[in-house]
Amino acid sequence: PVDYTATFDPDNGEAKTEIKQAYNTEITAPAAPEKANSKFTGWSNGTETIQPGDKFNIAGNVTYTAQYENVYNVTYTFADNEEKPEGVDAPPAGTTTAGATIAAPAVEVPRGYELVWNVTGATENADGSYTAGANDVAFVGTWAKKTTTLSFIFAGDYPEDAEPIAPITVKFGDDDGVANSIINAY
């Protein structure tokens, strides 16, 4: 019998795998190879793409080459500002491929704080998700304490020569500032 060769080229600098077998005998595609900054998508002979573990009968010499998608890093960090609440950590880093949809990271925002993400390397979609470009994606979160404005309205008699108390804008957790502002207004 004549032997035929199925060659599997990992396209990552490593040696090719050759499997020699008789005509019409079954061959199993090898495991997925690894390549830096890439995600394996299958073995292709130019006509068809098969996956690791797929079986086929050899009918002649054939070469399958590993196919990959580029993989990009996705990082999540918080800007270094004094308003970051205690005990809140950024989500772990991950990876994505170009054109993939990335959801804004889920972070529990403590009461009285706001978190705004600045995103580079991706385009924001109408639904608040992001589409990754062909590059790394970085989410940088900036924390801010929520603010509120207190206005004072007097009930009853108000002396004509009295100065009105100006509204006071305070940040969440800034209780001393509110008390001092009210005391100083009188």
Side-chain angles (χ1 to χ4, degrees), residues 1-81 84-110 113-144:
V2 176
D3 282 345
Y4 292 103
T5 303
T7 303
F8 292 88
D9 180 355
D11 191 28
N12 62 1
E14 295 179 7
K16 298 175 182 178
T17 299
E18 292 186 349
I19 303 172
K20 293 184 185 226
Q21 288 194 199
Y23 173 78
N24 207 30
T25 57
E26 188 175 84
I27 292 181
T28 302
E34 292 185 5
K35 184 175 181 179
N37 300 317
S38 300
K39 175 183 172 187
F40 176 80
T41 60
W43 295 105
S44 176
N45 66 3
T47 304
E48 68 175 342
T49 299
I50 61 174
Q51 297 301 316
D54 284 357
K55 299 178 185 319
F56 64 95
N57 289 346
I58 193 163
N61 293 327
V62 63
T63 297
Y64 285 91
T65 303
Q67 304 297 300
Y68 300 95
E69 285 183 316
N70 289 333
V71 175
Y72 303 100
N73 295 314
V74 180
T75 56
Y76 306 96
T77 58
F78 293 134
D80 190 19
N81 66 340
K84 179 184 174 289
E86 296 280 329
V88 179
D89 295 320
T95 58
T96 190
T97 55
T101 300
I102 307 170
V107 173
E108 188 172 331
V109 178
Y113 288 88
E114 296 176 310
L115 174 61
V116 176
W117 290 106
N118 179 26
V119 182
T120 56
T123 305
E124 186 170 9
N125 302 317
D127 65 358
S129 66
Y130 297 85
T131 300
N135 45 261
D136 290 342
V137 178
F139 286 80
V140 179
T142 301
W143 290 97

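All heavy atoms count here, side chains included; hydrogens, waters and symmetry mates do not.
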Separation between CG (Asn73) and CG (Asn135), nearest 0.5 Å, reads 11.0 Å
Discussion item. Taking the side chain as everything from C-beta on, heavy atoms only, tell me whether Val88 gets closer than 4.5 Å to Tyr113.
Written reply: no
For residues 40-55, the salt bridge (Lys or Arg N to Asp or Glu O under 4.0 Å) pairs (sequence neighbours left out) are none
Hits for ring pair (Phe, Tyr, Trp, His ring centres under 6.0 Å) against Tyr4, two or more places apart or cross-chain, chain-then-number order -> none
- Task: Assess whether atom CG of Asn57 is packed by more than 12 heavy atoms of other residues, nucleotides or ligands within 6.0 Å.
- Result: yes
message: Working note: Tyr72 + Val137, criterion side chain to side chain contact (heavy atoms under 4.5 Å, CB included); need CA distance, chi angles, decisive distance, verdict.
response: CA-CA 7 Å; Tyr72 303 100; Val137 178; 5.7 Å; no
Please tabulate, for side-chain N and O atoms in residues 17-24, each donor-acceptor pair with protein atoms closer than 3.5 Å (sequence neighbours left out).
| unit_1 | atom_1 | unit_2 | atom_2 | d |
| --- | --- | --- | --- | --- |
| Gln21 | NE2 | Thr25 | OG1 | 2.9 |
| Gln21 | NE2 | Glu26 | O | 2.9 |

The reported gap from OG1 in Thr5 to CD1 in Ile58 (rounded to nearest 0.5 angstrom) is 6.5 Å
What I'd like to find out is whether the side chain of Phe40 reaches to under 4.5 Å of the side chain of Pro52, using heavy atoms alone. yes
Quiz item: Ser129 and Asp127: side-chain donor and acceptor closer than 3.5 Å?
Solution: yes
Nearest heavy-atom contact between Thr131 and Gly99 is CG2-O, 3.8 Å
Between Pro33 and Asn12, the two heavy atoms sitting closest are CB-ND2, 3.9 Å
Contacts satisfying side chain to side chain donor-acceptor pair (under 3.5 Å) that involve residues 31-43 (not counting sequence neighbours) are none
Contacts of Ala79 meeting side chain to side chain contact (heavy atoms under 4.5 Å, CB included) (sequence neighbours excluded), chain-then-number -> Val140, Thr142
OG1 of Thr95 to CG of Asp136, rounded to nearest 0.5 Å, is 10.5 Å
d(Phe56 CZ, Ile50 CD1) to nearest 0.5 Å is 5.0 Å
Scanning both residues in full, the closest heavy-atom pair of Ala29 with Gln51 reads CB-O, 3.5 Å
To the nearest 0.5 Å, atom OG1 of Thr75 lies from atom CZ of Phe139 at 9.0 Å
Sorted by chain and number, sequence neighbours left out, ring pair (Phe, Tyr, Trp, His ring centres under 6.0 Å) with Phe78 holds for Trp117, Trp143
dist Tyr64:OH -> Thr7:OG1 (nearest 0.5 Å) comes out at 11.0 Å
Heavy atoms of Pro10 and Ala66 approach each other most closely as O-CB, 3.4 Å
